[in-house]
Amino acid sequence: MRDNLYERRAALISRQLIGETATLDYDQFLAKRPAKPDAVFTMHQDLGYWPTGTPEPLTATCSLALDDADPENGCLKVVPGSQKQGLRPHRPLMGDDRSDSHILSVELTDADIVVELPLKRGDITVHDELIVHGSGGNTSPDRWRRTYIAAFRSKACVDFERSIGFTHSHNDTIAWETHLAALTA
């Protein structure tokens with residue numbers, strides 16, 4: 001069994017935010033190499049990727065900066081307050097549906113104000129499933145932008161997702177209705 005101090009601390013934060021049953025849903029390592037201006041994460045809401053029918057979709061996504069992050073190397077960007085406006089329509093970045101493109105993108109409106117969140121190595125951000133967020137490419141000639149993410153959701157939510165085969169991997173075969181499909185129904 002692995003022992004990860006960051007995950008334990010993120011779990012404590014998550015339990016304060018979403019309740020005592022908060023459990024690790026998934027973790028991931030993101031890395032933007034230097035001089036990769038096309039290493040962009042399009043603006044999106046995490047909930048758009050996830051299946052409907054979960055007992056409680058509340059999420060605390062904790063992102064640990066492993067390097068200093070700023071606009072030059074592609075720091076996180078958010079639209080403050082967007083989490084209070086519900087799920088927005090998304091579109092696959094390439095092609096017409098999710099079978100052509102795992103990456104989803106939300107259109108920003110003229111009223112959206114995008115705020116960059118520069119971080120020092122060791123800082124964390126915590127966001128929920130509805131905030132519109134993304135990040136730019138890495139235009140730095142020599143600096144990486146690496147981030148370790150640990151996302152927590154209720155145990156009932158995680159158990160439900162695993163029971164239908166959902167693991168938050170782009171390799172998952174989508175055999176469930178997503179929240180975005182529910183918007184168009």
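Worth knowing before you read on, the calculation uses all heavy atoms, side chains too, and leaves out hydrogens, waters and symmetry mates.
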Identified side chain to side chain contact (heavy atoms under 4.5 Å, CB included) partner of I149 from the options D27, L64, T125, T61: T61

Other hydrophobic cluster members with L119, side-chain heavy atoms of Ile/Leu/Val/Met/Phe/Trp/Tyr under 4.5 Å, chained? none

Among Ile, Leu, Val, Met, Phe, Trp and Tyr joined by side-chain contacts under 4.5 Å, find the other residues sharing a cluster with I131 and list them by chain and number. L76, V78, I113, V115, L117

For [X] and [Y], indicate whether the former's side chain and the latter's backbone hold a donor-acceptor pair under 3.5 Å.
{"X": "E116", "Y": "C75", "value": "no"}
{"X": "Q83", "Y": "G81", "value": "yes"}
{"X": "D123", "Y": "A65", "value": "no"}
{"X": "T42", "Y": "L104", "value": "yes"}

State plainly whether one hydrophobic cluster holds both L87 and V132, where clusters connect Ile, Leu, Val, Met, Phe, Trp and Tyr through side-chain heavy atoms under 4.5 angstrom apart. no

side-chain contact (heavy atoms from CB on, under 4.5 Å) assessment of T54 paired with F166: CA-CA 11 Å; T54 56; F166 185 70; over 6 Å; no

I'd like to know if D128 pairs up with R153 as an ion pair, taking the criterion as any Lys NZ or Arg NE/NH1/NH2 lying under 4.0 Å from an Asp or Glu carboxylate oxygen. no

Taking every non-hydrogen atom, the tightest pair across [X] and [Y]:
{"X": "P57", "Y": "L47", "value": "CB-CD1, 3.9 Å"}
{"X": "A31", "Y": "R146", "value": "CB-CG, 3.9 Å"}
{"X": "D70", "Y": "P118", "value": "CA-CB, 4.2 Å"}

Applying side chain to side chain donor-acceptor pair (under 3.5 Å), name anything that partners S135, two or more places apart in sequence or on another chain. K32, R145

Audit row: I13, V126, side-chain contact (heavy atoms from CB on, under 4.5 Å) steps and yes/no: CA-CA 9 Å; I13 293 168; V126 181; 4.3 Å; yes

Please assess L66 against W144 for the test side-chain contact (heavy atoms from CB on, under 4.5 Å), listing each intermediate value before the final yes or no. CA-CA 9 Å; L66 301 176; W144 283 81; over 6 Å; no

Begin with the C-alpha distance, continue with both residues' side-chain angles, and end with the deciding distance and a verdict on side-chain contact (heavy atoms from CB on, under 4.5 Å) for T167 and Y26. CA-CA 8 Å; T167 67; Y26 65 93; over 6 Å; no

Classify the ring geometry of H133 against H44: parallel below 30°, tilted from 30° to 60°, perpendicular beyond 60°. tilted

